[in-house]
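As the structure is a prediction and not an experimental result, all values here were calculated from the model. What's counted below: heavy atoms across the whole structure, side chains too, no hydrogens, waters or symmetry copies. Atoms within each ligand, like the ligands themselves, are counted from 1 in listed order.
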Amino acid sequence: MLGGGQLGRMLGLAGIPLGLEFRFLDPAAAAPAQSLGALVVGALDDERALLETVEHSTVVTYEWEGVPFAGARMLERSGHTVRPSTLALQTSQDRLAEKTAFREHGIPVAEFAAVDAWEDLRARVDEIGLPAVLKTRRGGYDGKGQAVLRDDRDLEPGFAALGDGGALILEALVPFDRELSVLAVRSGTGETRCWPLVENWHEAGILRVSRAPAPNLNPALQAAAEGYARAVLEHFQYVGVLALELFQVGDTLLANEMAPRVHNSGHWTIEGAVTSQFENHLRAILDWPLGATDARGVSAMVNLIGDLPDPAAVLAVPGAHLHDYGKSPRPGRKVGHVTVTADAQAELETRLTTLDAALARP
Ligand code: AMP
């Protein structure tokens with residue numbers, strides 16, 4: 001496994017009952033996955049560390065889409081099975097390539113255009129209009145590396161804020177009703193499954209709460225999301241779990257981005273679905289049959305950001321399950337999550353209110 005963060009840790013937790021053994025590569029000796037298998041401490045682009053990690057492995061996967069493409073490609077070239085494919089990894093690392101691929105497969109996206117230099121920006125703004133979002137093509141995450149342009153005065157500071165002033169993408173600002181994501185999985189034999197759509201609420205660019213299945217879902221929305229996810233899976237001959245982030249505008253969905261890995265908005269599946277995203281990712285990359293992706297009741301996942309609450313206070317909430325990633329506290333850092341399950345939406349909302357109070361307690 002390339003990367004040993006919380007996603008690697010939860011993949012490890014899902015794989016151990018299946019009899020799997022893991023070796024993780026991570027730059028940090030205290031990586032969250034270190035208690036789930038052997039850990040090679042090294043940079044993700046260090047050829048020797050990469051080869052040491054994958055030695056004698058059946059299959060190589062990754063838990064971070066920032067894994068340097070060249071290293072993953074080197075492993076593939078040297079005969080290792082890397083799943084999902086490095087083409088999916090490479091595409092997901094470039095917002096322009098990603099959006100172009102979506103559009104080529106008939107997946108609706110906000111209007112977008114490449115901005116390679118300051119001189120381009122004016123012309124692209126004239127085409128797309130304002131408000132718009134200017135983003136770095138590479139490396140942005142959790143809302144970093146982007147600037148909202150509302151009027152002409154925002155162009156210069158927006159462009160200047162994004163670093164070296166090249167390799168940017170301009171997108172129309174979508175007046176979305178809400179943000180959704182769909183998690184999908186495809187195995188090496190071509191079997192695919194999708195979990196129900198998830199509603200995601202972000203604050204300051206970081207995912208705070210996911211609700212699954214997304215409340216007030218209509219079957220047409222679910223069918224559209226599944227169609228888009230399947231188109232991406234087929235395009236890449238993808239093997240593993242894929243997350244597709246979407247904006248809902250009225251009855252339509254626009255794709256924002258994909259993550260070629262298990263995803264924060266799928267953590268609810270551990271307790272809230274028949275088969276979790278973590279287990280199905282492992283089943284997929286091993287060519288094993290996939291498990292059912294139906295929801296069990298309704299769930300919400302609340303990220304724990306900065307530091308951990310008192311476990312006893314969280315666990316006193318009915319239906320609450322605590323996940324501690326074993327990370328040291330730091331402002332803005334995802335250190336754990338709580339999943340709350342219930343039989344019905346009203347009961348779930350009551351439980352979430354109780355959880356809020358428990359989290360607010362000093
Ligand atoms: P991203 O890094 O692309 O996932 O963007 C982070 C967040 O910024 C998203 O979850 C949205 O809340 C917001 N955002 C990104 N792109 C757009 C857009 N084109 N229109 C409106 N909001 C956006």
Side-chain angles (χ1 to χ4, degrees), residues 7 64-67 88-103 107-115 121 124-151 154-155 158-159 161-163 167-184 197-212 214 225 228-229 232 241-250 252-268 301-303 305 332-334 337:
L7 301 177
W64 184 46
E65 76 271 28
V67 165
L89 177 70
Q90 185 182 35
T91 306
S92 75
Q93 290 176 346
D94 180 350
R95 291 179 191 278
L96 186 65
E98 188 176 68
K99 287 229 157 58
T100 305
F102 291 161
R103 196 165 58 186
I107 302 170
V109 287
E111 256 198 274
F112 67 91
V115 173
L121 184 58
R124 301 290 91 82
V125 165
D126 288 344
E127 283 162 28
I128 287 175
L130 293 178
V133 194
L134 189 62
K135 301 180 180 176
T136 53
R137 280 173 60 176
R138 296 172 176 279
Y141 68 99
D142 283 350
K144 296 185 179 75
Q146 50 182 276
V148 175
L149 312 180
R150 294 196 182 274
D151 62 46
D154 294 335
L155 268 56
F159 188 83
L162 296 183
L168 304 176
I169 179 172
L170 184 71
E171 301 174 10
L173 186 76
V174 178
F176 57 78
D177 301 318
R178 58 177 172 171
E179 294 189 70
L180 301 170
S181 57
V182 63
L183 279 289
L197 273 164
V198 182
E199 178 185 298
N200 300 314
W201 178 63
H202 297 87
E203 200 179 62
I206 302 180
L207 179 63
R208 300 286 157 159
V209 181
S210 292
R211 283 178 170 77
Y228 302 152
V232 177
V241 166
L242 168 91
L244 190 59
E245 296 184 22
L246 303 157
F247 299 125
Q248 181 181 352
V249 189
T252 60
L253 296 174
L254 301 178
N256 180 34
E257 63 176 355
M258 64 180 236
R261 55 165 171 80
V262 289
H263 192 254
N264 196 172
S265 69
H267 292 358
W268 65 276
M301 188 281 321
V302 178
N303 270 335
I305 295 165
R333 192 177 206 200
K334 292 174 184 169
H337 74 266

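- Under the 4.5 Å side-chain criterion, counting only non-hydrogen atoms from C-beta, L253 is in contact with Y228.
- Listed by atom number, the atoms of ligand 1 under 4.0 Å from E179 heavy atoms are 9 (C), 10 (O), 11 (C), 12 (O).
- For atom 19 (N) of ligand 1, the choice among P131, G145, A172 with the nearest heavy atom turns out to be A172.
- The ligand atoms of ligand 1 that sit less than 4.0 angstrom from a heavy atom of K135 are 3 (O), 15 (C), 16 (N).
- Near L173, meaning under 4.0 Å from any of its heavy atoms, are these atoms of ligand 1: 20 (N), 21 (C).
- A side-chain donor-acceptor contact under 3.5 Å links R178 and Q248.
- Heavy atoms only, all atoms of each residue included: M301 and N303 are closest at SD-OD1, 3.4 Å.
- When every heavy atom of A229 is checked against every heavy atom of A184, the shortest pair comes out as CB-CB, 3.8 Å.
- Between R124 and E127, at least one side-chain N (NZ, or NE/NH1/NH2) sits under 4.0 Å from a carboxylate O, which counts as a salt bridge.
- For atom 23 (C) of ligand 1, the nearest non-hydrogen atom from the set W201, F112, F247 comes from F247.
- You'll find the side chain of V174 stays beyond 4.5 Å of the side chain of N256, heavy atoms only.
- Ligand 1 places these atoms under 4.0 Å from at least one heavy atom of R95: 1 (P), 2 (O), 3 (O).
- No N or O atom of V133 sits closer than 3.5 Å to an N or O atom of ligand 1.
- Those atoms of ligand 1 that come under 4.0 Å of a heavy atom in E245, given as number and element, are 4 (O).
- Scanning V174, L254, V109 for the heavy atom closest to atom 21 (C) of ligand 1 points to V174.
- For the salt bridge (charged side-chain N to carboxylate O under 4.0 Å, His left out) with R95, the lone residue among E257, E245, E65, E171 that qualifies is E257.
- In this structure, of E171, Q146, H202, the residue bringing a heavy atom nearest to atom 13 (C) of ligand 1 is Q146.
- If you look at N256 next to ligand 1, the close heavy atoms, those under 4.0 Å, all belong to the side chain.
- Around the CZ atom of R333, the shell of radius 6.0 Å holds more than 12 heavy atoms that belong to other residues, nucleotides or ligands.
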